[in-house]
Amino acid sequence: MALQLLLAGISYAREPVSAVRYPVKITPEMLLGKKLFFEPLLSENRKTSCASCHLFSHGGSYPQAKTPMHNGNKSRYNSPSIFNLSQNYPLGWEGQLISMQEQMHSLVAKQAKMGLNWDNIENRLRQQPAYDAQFSRLYPEGITRETITQALVTYQLALTTPSAFDDFLQGDENAISEDAKLGYELFKRYGCASCHQGQKIGGNLLQKIGVIEPYAYDPDDSSHASLGRYNTTENEADIQVFRVPSLRNVAETPPYFHDGSVSTLEEVVTLMARHQLGREIPASDIDLIVAFLQSLSGSPHPTLMP
Ligand code: HEC
Ligand code: HEC
């Protein structure tokens, strides 16, 4: 009941979480980026596109813990969603990438995921009259690694997913269930919002997993994924530090955590409370928080969908 009273007092201007909206205008550059995102020609075997590991039917992520890669290995990390990205936050589980452009260049340079270098990609696209014409219309320099990157980045940044919760944040009291409203209140009260906040409800901080109660990962994992940001910096303070994930569409993107080791939201919330906040929270509160997390699901603008 105390919670019910609290809800009446919500002041939207001071919320730790803010709304996302669709792009004001869908541009030809976004549509070219869309074509490239689903283009298997960008991979050596002509079978893998960006969308093979960032599935639109799975919240922009991948349904298994790790993704199979071109080089025959599994990816070190669980594939993160490519929805609601922003230029302003670090990218990658280690927070190792400073911009979307850098992410694209790093992906191509390593060749692990798709197997082609920039020369291959440019040449393949130049042989396609449709691409040649589309690029020339948009960019005086035509098909180059920079313009390919530019179109892909523009498309991805346009993939915002306004949800029922965004309608609620903007004043529509009936947009989400009572459970979800109570869950949001608990999310703030327990302190989840100290790490998961802003427009992406996460995504803008680097934090250790196990800040209060140490967290043990599979010691036999040869990928060293659990070392987190340490893999980038080799600074001991960065062991088990990860970019705090965005919680938008989180109900659509199991399995969870950087290594995909947890399969349900109930379990994730229990672990978060225990290891990040030092609390055991009752099952009824967990269910309410999960109802809130479920209200964060939305889809990109229909024109930008596959
Ligand atoms: C073989 C699977 C695979 C393919 C193909 C793939 N990705 Fe990814 N992607 C991943 C994984 C795994 C990560 C996490 C990497 C990390 O954190 O170090 C990732 C991370 C990203 C990120 C960072 C997201 C964030 O929030 O940190 C972006 C952006 C991205 N990929 C875009 C693309 C684009 C664009 C393409 C196509 C050119 C692509 N990906 C192709 C698996 C893939
Ligand atoms: C001290 C910072 C911090 C606090 C507080 C915190 N989290 Fe997290 N959260 C993280 C980090 C870091 C991860 C990534 C852990 C990993 O991948 O190993 C994470 C992961 C998650 C995930 C999984 C997302 C995904 O896509 O894999 C969910 C869901 C989540 N947190 C919800 C919560 C909830 C609910 C609370 C409050 C009970 C909470 N978090 C409190 C830092 C925090």
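Indexing begins at 1, ligand by ligand and atom by atom, following the structure's order.
Aromatic ring centres of Phe38 and Phe56: separated by under 6.0 Å.
Residues in residues 160-170 take part in these salt bridge (charged side-chain N to carboxylate O under 4.0 Å, His left out) pairs, two or more places apart or across chains: Asp166-Arg248. Applying the salt bridge (charged side-chain N to carboxylate O under 4.0 Å, His left out) rule to pairs touching residues 84-103 yields Arg76-Glu94, sequence neighbours excluded.
The ligand atoms of ligand 1 that sit less than 4.0 angstrom from a heavy atom of Gln96 are 16 (C), 18 (O). In the vicinity of Met104, heavy-atom distances shorter than 4.0 Å reach the ligand 1 atoms 38 (C). Residue Gly92 has at least one heavy-atom neighbour below 4.0 Å for each of these atoms of ligand 1: 17 (O), 25 (C), 27 (O). Every atom of ligand 1 with a heavy atom of Trp93 under 4.0 Å away is listed here by number and element: 16 (C), 17 (O).
Note: Trp93 and Phe242 have perpendicular aromatic rings, judged against thresholds of 30 and 60 degrees for the angle between ring planes.
No donor-acceptor contact under 3.5 angstrom links the side chains of Thr149 and Gln101, judged on distance only. No hydrogens or angles considered: a donor-acceptor pair under 3.5 Å links the side chains of Asn45 and Ser43.
The shortest distance between side-chain heavy atoms of Arg124 and Leu116 falls below 4.5 Å.
Residue contact check for ligand 1: Ser49 places a non-hydrogen atom closer than 4.0 Å to it. The closest approach between any non-hydrogen atom of Pro68 and ligand 1 is below 4.0 Å.
Stacking of Lys35 on the aromatic ring of Tyr131 is recorded, both the 6.0 Å distance cut-off and the 45° axial limit being met.
Inclusion of Arg243 in the set of residues having an N or O under 3.5 Å from an N or O of ligand 1 is warranted. Ligand 2 has no N or O atom lying under 3.5 Å from any N or O atom of Lys208, backbone or side chain. For ligand 2, one of its N or O atoms has an N or O atom of Tyr217 under 3.5 Å away. Taking only nitrogen or oxygen atoms, main chain and side chain alike, Ala273 does not reach within less than 3.5 Å of ligand 2.
Of all protein N/O/S atoms, those under 2.8 Å from atom 8 (Fe) of ligand 1 are His54 NE2, and waters are not counted.
Counting only protein N, O or S atoms closer than 2.8 Å to atom 8 (Fe) of ligand 2 gives 2.
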